[in-house]
Amino acid sequence: MLLLLMSDTHLPRRAGRLPDELLARAERADVVLHAGDWVDVATLDLLEARARRLVGVWGNNDGPELRARLPEVARVELGGLRFGVVHETGPAQGRERRCAERFPGLDVLVFGHSHIPWDTTAPGGLRLLNPGSPTDRRSQPFRTYMTAEVADGRLTEVTLHRLPPRHP
């Protein structure tokens, strides 16, 4: 099972549209997970139309229309693994412990908010993944997203993808 992980698209404020590479991957993925801060409803509509399956949550920059259509926290079983998706997890310091306490029973937690890619495992085995942002790199050298595979009840091939610089 092929997964596409993204967050913090912030459209149209941070970019005019999603990168073509990301849209192509969304169409090939079995499941797209979006960890919030869509900002516009058009991005949600676009991904719902293109993805085979979309699991998304709202973020702190998402207004009432997105919050009416998306949960704050999503939980889903994919290929025998229990996934959670949430936008904010708080400061980096102590994140693993906090998330393991807040989300017991999950195998993988996908989150966003910081625009900083993150891949760690908490004591007890909870895998924490932040794909960064495909549209707003902030202080990071690249705009990013992640792909992962689920096989035989295990998360495999987690890859952070760097997008090329945008040209005017």
Pair [X] + [Y]: basic N to acidic O under 4.0 Å:
X    : Y    : answer
R82  : E77  : no
E65  : R69  : no
R127 : D119 : yes

Taking all non-hydrogen atoms of both residues into account, name the closest pair between [X] and [Y] and its distance.
X    : Y    : value
R98  : G90  : NH2-C, 3.4 Å
L163 : P134 : CD1-O, 3.4 Å
L81  : G153 : CD2-O, 3.1 Å
T135 : P19  : CG2-CD, 4.3 Å
A74  : G56  : CB-O, 4.2 Å
A51  : V32  : CB-CG2, 3.7 Å

4.5 Å side-chain heavy-atom contact, [X] and [Y]:
X    : Y    : answer
H10  : N61  : yes
T43  : D45  : no
L128 : T89  : no
R97  : P123 : no
L46  : E48  : no
R50  : L23  : yes
V55  : F83  : no

Would you say [X]'s side chain and [Y]'s backbone share a donor-acceptor pair under 3.5 angstrom?
X    : Y    : answer
D30  : L2   : yes
D62  : V39  : yes
S133 : D8   : yes
H115 : G132 : no
W38  : G59  : no
T9   : L11  : no

Using 0.5 Å steps for rounding, measure from the [atom1] atom of [X] to the [atom2] atom of [Y].
X    : Y    : atom1 : atom2 : result
M6   : M146 : CE    : CE    : 13.0 Å
D107 : R154 : CG    : CZ    : 12.5 Å
L129 : L33  : CG    : CG    : 10.0 Å
R95  : L109 : CZ    : CG    : 9.5 Å
S7   : I116 : OG    : CD1   : 12.0 Å
D40  : R17  : CG    : CZ    : 13.5 Å

Is [Y] reachable from [X] through a run of hydrophobic residues whose side-chain heavy atoms are each under 4.5 Å from the next?
X    : Y    : answer
L160 : F111 : no
V108 : L106 : no
V150 : V76  : yes
V85  : V31  : yes
V158 : L5   : yes

Is the number of heavy atoms from other residues, nucleotides or ligands within 6.0 Å of CG (D152) greater than 12?
no
Go through the steps for V57 and E72 under the test side chain to side chain contact (heavy atoms under 4.5 Å, CB included), then give the verdict.
CA-CA 5 Å; V57 298; E72 180 179 11; over 6 Å; no
Given the options H34, R25, R162, Y145 meets side chain to side chain donor-acceptor pair (under 3.5 Å) only with R25
(request) Evaluate the side chain to side chain contact (heavy atoms under 4.5 Å, CB included) criterion for residues H161 and T147: first the C-alpha distance (whole Å), next the side-chain angles of each, then the deciding distance (0.1 Å), finally the verdict. (result) CA-CA 8 Å; H161 298 270; T147 56; 2.7 Å; yes
Would D37 and H87 count as a side chain to side chain contact (heavy atoms under 4.5 Å, CB included) here? Give the steps.
CA-CA 8 Å; D37 272 5; H87 185 62; 3.2 Å; yes
Problem set entry | V110/N130 under side chain to side chain contact (heavy atoms under 4.5 Å, CB included): CA gap, chis, key distance, verdict | CA-CA 6 Å; V110 179; N130 183 331; over 6 Å; no
